[in-house]
Amino acid sequence: MRQRQHLFQASGGTHAAAAFTDDGEIISLHEDVGRHNAVDKVIGDLLTQATLSDAHCLLVSGRVSYEIIAKTCRAEIAHLVAVSAPTSLAVMMARRVRS
């Protein structure tokens with residue numbers, strides 16, 4: 001993902017989100033100043049391209065909040081990976097969803 005973050009390479013100030021297939025292929029990657037916006041762009045791109053069902057993992061460059069957990073669950077993406085730590089509320093929500 002980092003190799004494709006052109007805005008981050010130029011500015012050092014953007015977040016990214018990327019959706020991967022179960023084979024590890026990136027099928028959507030977007031950057032934005034806001035981490036939530038990057039996630040929204042990826043999910044929107046997957047919906048527009050009718051490839052949401054191909055997404056098995058979402059990688060985010062920033063901290064995971066409960067909203068990002070909710071968006072990932074709503075999109076039915078099985079795995080969420082983050083570069084940074086989750087909030088305590090996100091952990092609580094993820095545990096509830098997993099049960």
Side-chain angles (χ1 to χ4, degrees):
M1 181 172 85
R2 183 69 173 260
Q3 294 172 345
R4 295 188 188 181
Q5 288 180 250
H6 303 295
L7 292 175
F8 182 80
Q9 291 169 11
S11 68
T14 60
H15 288 284
F20 292 80
T21 65
D22 58 354
D23 294 329
E25 175 190 351
I26 294 177
I27 54 175
S28 182
L29 182 144
H30 288 277
E31 295 180 89
D32 199 282
V33 174
R35 65 190 194 281
H36 292 270
N37 293 347
V39 169
D40 292 345
K41 287 178 179 182
V42 167
I43 292 172
D45 184 33
L46 295 169
L47 287 168
T48 301
Q49 300 301 320
T51 56
L52 183 58
S53 63
D54 296 333
H56 292 279
C57 181
L58 182 68
L59 172 61
V60 296
S61 66
R63 177 173 56 90
V64 174
S65 63
Y66 77 91
E67 296 98 341
I68 291 176
I69 296 284
K71 291 174 186 187
T72 304
C73 290
R74 179 71 171 110
E76 298 182 1
I77 299 173
H79 304 283
L80 174 62
V81 178
V83 173
S84 189
T87 65
S88 58
L89 187 55
V91 172
M92 185 172 50
M93 181 180 229
R95 285 183 176 146
R96 286 185 182 167
V97 169
R98 192 179 86 183
S99 301

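Along the sequence shown, residues carry numbers from 1. Since this is a predicted model, take the numbers as computed values, not measurements.
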Item to complete: Would you check if the side chain of Asp23 reaches a backbone N or O of Glu25 as a donor-acceptor pair within less than 3.5 Å?
Response: no
Worksheet item: Taking C-beta and beyond as the side chain, do Val39 and Arg35 meet within less than 4.5 Å on heavy atoms?
Response: no
Worksheet entry | Single-linkage hydrophobic cluster Ile43~Val97, side-chain heavy atoms < 4.5 angstrom | yes
Please table the atom pairs, donor to acceptor, closer than 3.5 Å between any side-chain atom in residues 83-90 and protein atoms at least two apart or in another chain.
residue: Thr87; atom: OG1; partner: Ala90; partner atom: N; Å: 3.1

Discussion item. Please enumerate all residues that pass side-chain hydrogen bond (donor to acceptor under 3.5 Å, both in side chains) together with Glu67, with sequence neighbours excluded.
Written reply: Ser65
Fill in: For Ser28 against Asp45, the heavy-atom pair lying closest together
OG-OD2, 2.7 Å
Item to complete: Indicate, with yes or no, if Tyr66 and Val91 share a hydrophobic cluster defined by side-chain heavy-atom contacts under 4.5 Å among Ile, Leu, Val, Met, Phe, Trp and Tyr.
Response: no
Worksheet item: Which atoms form the tightest heavy-atom contact between Ala18 and Ile26, and what is the distance?
Response: CB-CG2, 4.4 Å
Fill in: Considering all heavy atoms, the nearest Gly62-Ala82 contact
O-CB, 3.7 Å
Which atom pairs, donor and acceptor, lie under 3.5 Å between side-chain atoms of residues 69-81 and protein residues at least two apart or in another chain?
residue: Lys71; atom: NZ; partner: Asp40; partner atom: OD1; Å: 2.8
residue: Lys71; atom: NZ; partner: Asp40; partner atom: OD2; Å: 3.3
residue: Thr72; atom: OG1; partner: Ile68; partner atom: O; Å: 2.8

